[in-house]
J.: 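Below are the structure tokens for one structure; questions will follow.
A quick note: this is a predicted structure, and the numbers were derived from the prediction, not measured.
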Amino acid sequence: MNTLARLIGCLGIVVAAIAITDSASAQSPRRVASAQPEGQPAAAPAAQSPVLRAPGTEGTVVAIQPFQRTTTVTVAEQGQLWLVDLNSNVHSWLLLVRTRPGRSDSNFVHIENPVGRRQTVSLEREGLVVTEGETRVVCGYQTGDSRDLFGTMQQPMTPFCDNRLLVRAQQGGYRTTEEAAVSLLRSMGGVGESIINIYKTTIGQDANLERVGTQTGNTETQPVAEATAAVLPRAAAVAPTDANRVFSNHRLGLSVARPASRMQMRPGQWYPAAAQPGVAVSIVAPRQLDPAIFQRHTDRVHSLDEVEAEALVYLVAFDLAQYTLDYSVGTAHPGVEWSSRPQVPHGSTGGPDGFENLRPLARVGMVPPVERSRLVGVFAGGFKRDHGAFRYGRLAQVNNGTHYGFIESGVVLSRLQPGLSTVIGRTDGSFDMRTWTEQDDATLDTVQFARQNGVPIVEADANGTPVPGATIRSWGLGNWSGALVISR
């Protein structure tokens, strides 16, 4: 059965690979008969409607959810309660809302159903009810240590309901000193960005660059991983002068399976990881690739300079027959506010989708406990909001500057925009990378997660062959690397 790991991080996209297995809860649930206990009157069914709106959610991220479903009941001790299933097709994120007589405010609890549609969560007068098969678990409005669900939680995820559900609570994420300094400078606007750009083009330029360096010859005529080539990705086309050389120095932290070793790896070849079945690694520098590759598309790409040609590139591949992926926003990035780049008039002060933060939802930036035993890799990256929109070109003039969109657990946190490269995970477990179109909006009900990060690096020509993207040579039109300079 598919299990989806959260992609966690503080800086934008985080992708995780997770083994596809079955899993049981850490503790046995309290079993309750599905019928009402003898001698007690049955509670009236909760009122529910796909168009019912919980109070206090107007103008928030909740308001733009196309597949939400809301249930409401009145409980004497609590007041009126509303349970919003933010995407009934995914059934992962829920929002519990409380209003009380004599008070104008609403209280919110962001609840995560960690196994999605494997169990259903409903709201009844007796409490939250979790149903899985013939098992029916009734949950009060308290955690296992008797804390009120509507109170302040001291950790990002707090289990309750016999560990079947989690309360998500907003927490601050981890930042290095360098990241904190950059955030401070960026908060200063154009002056701060200028200081950052000066640093990037002087002291910080290529500060962490790892060059391919000297390689040693190898007299073996066959790649050491040839025996398992059928389960590995296709090797890169490498220049004949480098095909039989091995790397003498690199920083790869993964061990490869025998008979290969990290010091026997050849450019462009794939090697199975020693401890992770279905995972492969490769190392190559651009100058080692077949020169013919660089001659095919000189109209679309620039020639590599000396530094680029020598830069060592590490690659990791996951067999999607054995692993699945998921995505999560970080505790702070990407944001949902306006980017400073688009020059079009703002139709809203709260951001392109009508809000400037994700409240009342909580950004936790961590892998849920149920997923950790199956977690294989986590990757953090992606454009921050200010850089995730266009200043120049056609995309800058449409859709409020075309801010990059993203979806987590089926919940639209920022709307997906046509024309952008999009990583998509579907509710059936399939995975896709494609340019999002207006027609794709019709498939939004099948999206488990999505993240947009700009225009395509590669495209398909008339024959379906991958070719460099049309805007590779235009930093401004393609919005590459956060650059602001148009190159024609």
Side-chain angles (χ1 to χ4, degrees), residues 3-10 12-14 16 25-26 54 56-57 60-65 68-70 81-88 90-98 106-123 127-128 130 139-145 147-174 326-336 355 357-372 375 378 406-414 448-449:
T3 61
L4 297 174
R6 301 291 183 255
L7 297 172
I8 321 305
C10 187
I13 187 172
V14 184
S25 298
T57 60
T60 72
V61 63
V62 178
I64 71 168
Q65 303 311 312
Q68 62 179 289
R69 188 173 183 84
T70 301
L81 296 173
W82 313 70
L83 184 66
V84 185
D85 185 345
L86 291 163
N87 186 333
S88 57
V90 177
H91 198 53
S92 179
W93 281 9
L94 305 107
L95 187 68
L96 184 63
V97 185
R98 179 178 67 182
S106 300
N107 307 123
F108 303 96
V109 180
H110 185 179
I111 296 172
E112 180 160 344
N113 175 13
V115 295
R117 300 195 64 82
R118 284 172 51 187
Q119 64 181 15
T120 60
V121 184
S122 59
L123 176 65
L128 292 170
V130 178
C139 313
Y141 304 106
Q142 292 182 329
T143 63
D145 55 359
R147 283 180 290 164
D148 182 2
L149 287 187
F150 291 95
T152 301
M153 299 295 166
Q154 302 302 318
Q155 55 190 18
M157 288 188 173
T158 302
F160 75 106
C161 193
D162 292 337
N163 292 331
R164 291 191 154 230
L165 300 175
L166 300 166
V167 175
R168 294 168 59 98
Q170 184 72 46
Q171 304 286 326
Y174 171 78
D326 203 355
Y327 162 75
S328 174
V329 297
T331 55
H333 300 293
V336 294
F355 43 86
N357 57 61
L358 294 181
R359 293 193 294 267
L361 304 184
R363 309 167 62 125
V364 301
M366 66 177 292
V367 177
V370 70
E371 305 290 5
R372 292 177 188 170
L375 186 67
V378 176
F406 38 96
I407 294 173
E408 180 181 352
S409 295
V411 179
V412 180
L413 304 180
S414 185
Q448 174 88 20
F449 69 86

J.: Please determine whether the number of non-hydrogen atoms from other residues, nucleotides or ligands lying under 6.0 Å from atom CZ of R359 exceeds 12.
T.: no
J.: How long is the span from the CZ atom in F406 to the CG atom in L413, to the nearest 0.5 Å?
T.: 6.0 Å
J.: State the CH2-OG1 distance between W82 and T57, to the nearest 0.5 angstrom.
T.: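 The distance works out to 9.0 Å.
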J.: Under 3.5 Å, is there a donor-acceptor pair between the side chain of N113 and the main chain of L94?
T.: no
J.: Rounded to the nearest 0.5 Å, what separates atom CG in L123 from atom CG in L128?
T.: 6.0 Å
J.: If you measure from CZ on F108 to CG on L361, what distance do you get to the nearest 0.5 Å?
T.: 9.5 Å
J.: In Å and rounded to the nearest 0.5 Å, what is the CG to CD1 distance from N87 to I407?
T.: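 Between N87 CG and I407 CD1, I get 8.5 Å after rounding to 0.5 Å.
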J.: What's the verdict on side chain to side chain contact (heavy atoms under 4.5 Å, CB included) for F355 and T60, showing C-alpha distance, side-chain angles and the deciding distance?
T.: CA-CA 6 Å; F355 43 86; T60 72; 5.6 Å; no
J.: Mind checking salt bridge (charged side-chain N to carboxylate O under 4.0 Å, His left out) for R117 and listing every partner two or more places apart, or none if nothing turns up?
T.: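 Applying salt bridge (charged side-chain N to carboxylate O under 4.0 Å, His left out) to R117 gives none.
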J.: Between the main-chain N or O of G330 and the side-chain N or O of R363, is there a donor-acceptor pair closer than 3.5 Å?
T.: yes
J.: Is the backbone of R168 close enough, under 3.5 Å, to the side chain of E112 for a donor and an acceptor to pair up by distance?
T.: no
J.: Drop me the distance from Q68's CD to D85's CG, to the nearest 0.5 angstrom.
T.: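 Reported to 0.5 Å precision, the distance equals 9.5 Å.
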J.: Describe, in one word, how the ring planes of Y327 and F449 are oriented to each other, choosing from parallel (under 30°), tilted (30 to 60°) and perpendicular (over 60°).
T.: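 If you compare the ring of Y327 with that of F449, the planes turn out tilted.
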J.: Is the side chain of E408 donor-acceptor paired with the backbone N or O of V329 at a distance under 3.5 Å, no angle test?
T.: yes
J.: Between D145 and R147, is there a salt bridge with N-O shorter than 4.0 Å?
T.: yes
